[in-house]
Amino acid sequence: MYEAFYGLKEKPFSIQPDPDFLFFGFRHSMAYAMLEYGIQNKAGFSVICGEIGCGKTTLVRHLLNNLGSDINVGIVYNTHQDIDDLLSWIMLAFEQPYEGLSNVALFDAFQRFLIERYSQGKRVVLIVDEAQNLSAGALESLRMLSNINVDKDQLLQIVLVGQPQLRDLLRRPELTQFYQRVAVDFFIPPLQPFEVVKYINHRLQIAGREDKLFSPAAAKLIAQASGGVPRSINILCDMVMVYGFSSGASVIGLKIVKEVLKDRAEYGVLA
């Protein structure tokens, strides 16, 4: 809608996780470094937490784009309370047959899959998204899966990605053994106000615009209103650019941002 008007080749503030637009703020850079470290050093468990919309999924997708061909990755997006169901999802994530198999047969099939990949010189990494939805029992069962090994080599690495509730879950007394197995963990906080300015300019540059579009005051208000959460920044910036386009504004100033915030407060369905 406004792309041509603002000299853009694509929308800069989509809420879809796109590794091409990944912004490495200080904490995001640290989180990614920890993920890489966990994979390269064959950590049994790595845990990445953060608020909704903080960029966890985008980080994971960037990681996937940079893994070697010797790593076999499976991703579980649909987490459930019951490990019986979860084990089926794990088999599906690795494109392995799972229908009609008993719990014992599922475990045996997964173990044979791990051993087969090991014999081929490949490593297996399981990524569980929205892991805060898992029960303590499911996490304990994941710990048991991670015990599958050949000699001294662990055959399965697990990366848990989730909201802050995951951190609280892992601190439960009954999960002490699990927590002690976590080699890498990191919590991603919202962006700092100065990072929000860089974030906005970064996404605009990736989308094709070199000149700054948002005034410093406008970017500062967006940082405040969004709380520094990338998804909230994207939603607000996208709407602000619609308003700017509609009014023919060549630069997004403070007045336009205030107008958007006022209209969202008064007329927004979710305000």
Side-chain angles (χ1 to χ4, degrees), residues 17 27-28 30-61 63-64 73-94 98 102-104 106-108 110-111 114 123-149 152-190 227-231:
R27 294 298 179 180
H28 285 77
M30 288 296 296
Y32 185 75
M34 296 298 283
L35 274 173
E36 274 195 317
Y37 175 81
I39 297 296
Q40 292 174 3
N41 288 272
K42 303 180 181 179
F45 282 96
S46 300
V47 177
I48 299 295
C49 291
E51 298 288 350
I52 297 173
C54 75
K56 301 182 297 295
T57 301
T58 307
L59 272 181
V60 169
R61 293 199 176 181
L63 176 71
L64 296 177
V73 179
I75 306 178
V76 174
Y77 293 104
N78 299 289
T79 49
H80 297 276
Q81 295 286 315
D82 192 343
I83 188 59
D84 295 344
D85 212 17
L86 181 59
L87 189 50
S88 295
W89 283 104
I90 291 172
M91 293 290 284
L92 176 62
F94 289 106
Y98 63 92
S102 67
N103 298 338
V104 174
L106 279 171
F107 182 86
D108 179 62
F110 186 62
Q111 182 172 248
L114 293 177
R123 288 192 285 143
V124 177
V125 176
L126 171 66
I127 299 174
V128 182
D129 201 7
E130 301 297 342
Q132 75 280 350
N133 295 329
L134 296 175
S135 66
L139 287 170
E140 180 60 18
S141 296
L142 280 177
R143 185 181 71 83
M144 298 303 293
L145 286 178
S146 73
N147 286 336
I148 301 173
N149 60 73
K152 295 182 179 181
D153 293 324
Q154 186 170 306
L155 302 189
L156 176 66
Q157 292 179 253
I158 299 175
V159 179
L160 301 181
V161 182
Q163 297 170 26
Q165 297 94 316
L166 174 61
R167 181 172 55 178
D168 299 332
L169 175 61
L170 294 177
R171 289 172 174 170
R172 291 184 185 179
E174 64 268 31
L175 287 172
T176 299
Q177 289 190 67
F178 185 99
Y179 187 77
Q180 291 174 346
R181 296 282 295 276
V182 175
V184 171
D185 65 288
F186 198 85
F187 185 87
I188 305 174
V229 176
R231 186 181 299 169

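Just so you know, these numbers come straight off a predicted model, no measurement behind them. Basis for what follows: all heavy atoms, side chains included, without hydrogens, waters or symmetry-related copies.
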Worksheet item: Should Y98 and I90 count as side-chain neighbours, where that means a heavy-atom distance under 4.5 Å?
Response: no

Practice prompt. For G50 and P164, work out which heavy atoms get closest and say how close.
Written response: O-CD, 3.3 Å

Fill in: Shortest non-hydrogen contact between F94 and V73, atoms and distance
CE2-C, 3.6 Å

Worksheet item: Are L170 and D185 side-chain neighbours, meaning at least one heavy-atom pair lies under 4.5 Å?
Response: no

Discussion item. If you define the side chain from C-beta out and look only at heavy atoms, does anything of V182 sit under 4.5 Å from L160?
Written reply: no

Practice prompt. Apply side-chain hydrogen bond (donor to acceptor under 3.5 Å, both in side chains) to D108 and list each qualifying residue two or more places apart in sequence or on a separate chain.
Written response: R112

Discussion item. I want to check something: taking the side chain as every heavy atom from C-beta on, are I75 and Y77 in contact at a cut-off of under 4.5 Å?
Written reply: yes

Practice prompt. Any chance you could measure I48, atom CD1, to L59, atom CG, to the nearest 0.5 Å?
Written response: 7.5 Å

Worksheet item: Does Q132 use its side chain to pair, donor to acceptor, with the backbone of Q163 at less than 3.5 Å?
Response: yes

Worksheet, complete the sentence: Taken to the nearest 0.5 Å, the spacing of F110 CZ from S88 OG works out to 12.0 Å

Worksheet entry | R143 (side chain) donor-acceptor with L175 (main chain) under 3.5 angstrom | no

Worksheet entry | CG-CZ distance between L139 and R181, expressed to the nearest 0.5 angstrom | 12.5 Å

Response to the item:
For F45 and S146, the nearest pair of non-hydrogen atoms, with its separation, is CE1-OG, 3.4 Å

Discussion item. Looking at every non-hydrogen atom in both residues, tell me the closest pair between V229 and C54 and how far apart they are.
Written reply: CG1-N, 4.3 Å

Practice prompt. Can you measure from CZ (R167) to OH (Y179) and round to the nearest 0.5 angstrom?
Written response: 9.5 Å

Worksheet item: Mind checking whether I127 and L64 have side chains closer than 4.5 Å, heavy atoms only?
Response: yes

Worksheet, complete the sentence: d(K42 NZ, R123 CZ) to nearest 0.5 Å is 5.5 Å

Item to complete: With the side chain counted from C-beta on, respond yes when V60 and D129 share a heavy-atom pair under 4.5 Å apart, and no when they do not.
Response: no

Practice prompt. Specify the closest pair of heavy atoms between L114 and L156, including all atoms of both residues, with the distance to one decimal.
Written response: CD1-CB, 4.1 Å

Discussion item. Any side-chain to backbone donor/acceptor pair from Q157 onto A43? Under 3.5 Å, distance only.
Written reply: yes

Discussion item. Let me confirm one number: the CG-OH distance from L63 to Y32, rounded to the nearest 0.5 Å.
Written reply: 5.0 Å

Response to the item:
side chain to side chain contact (heavy atoms under 4.5 Å, CB included) test vs V128 passes for just one of V161, L166, L134, namely L134

Item to complete: Kindly give the heavy-atom pair with the smallest separation between L155 and N149, and that separation in Å.
Response: CG-CA, 3.8 Å

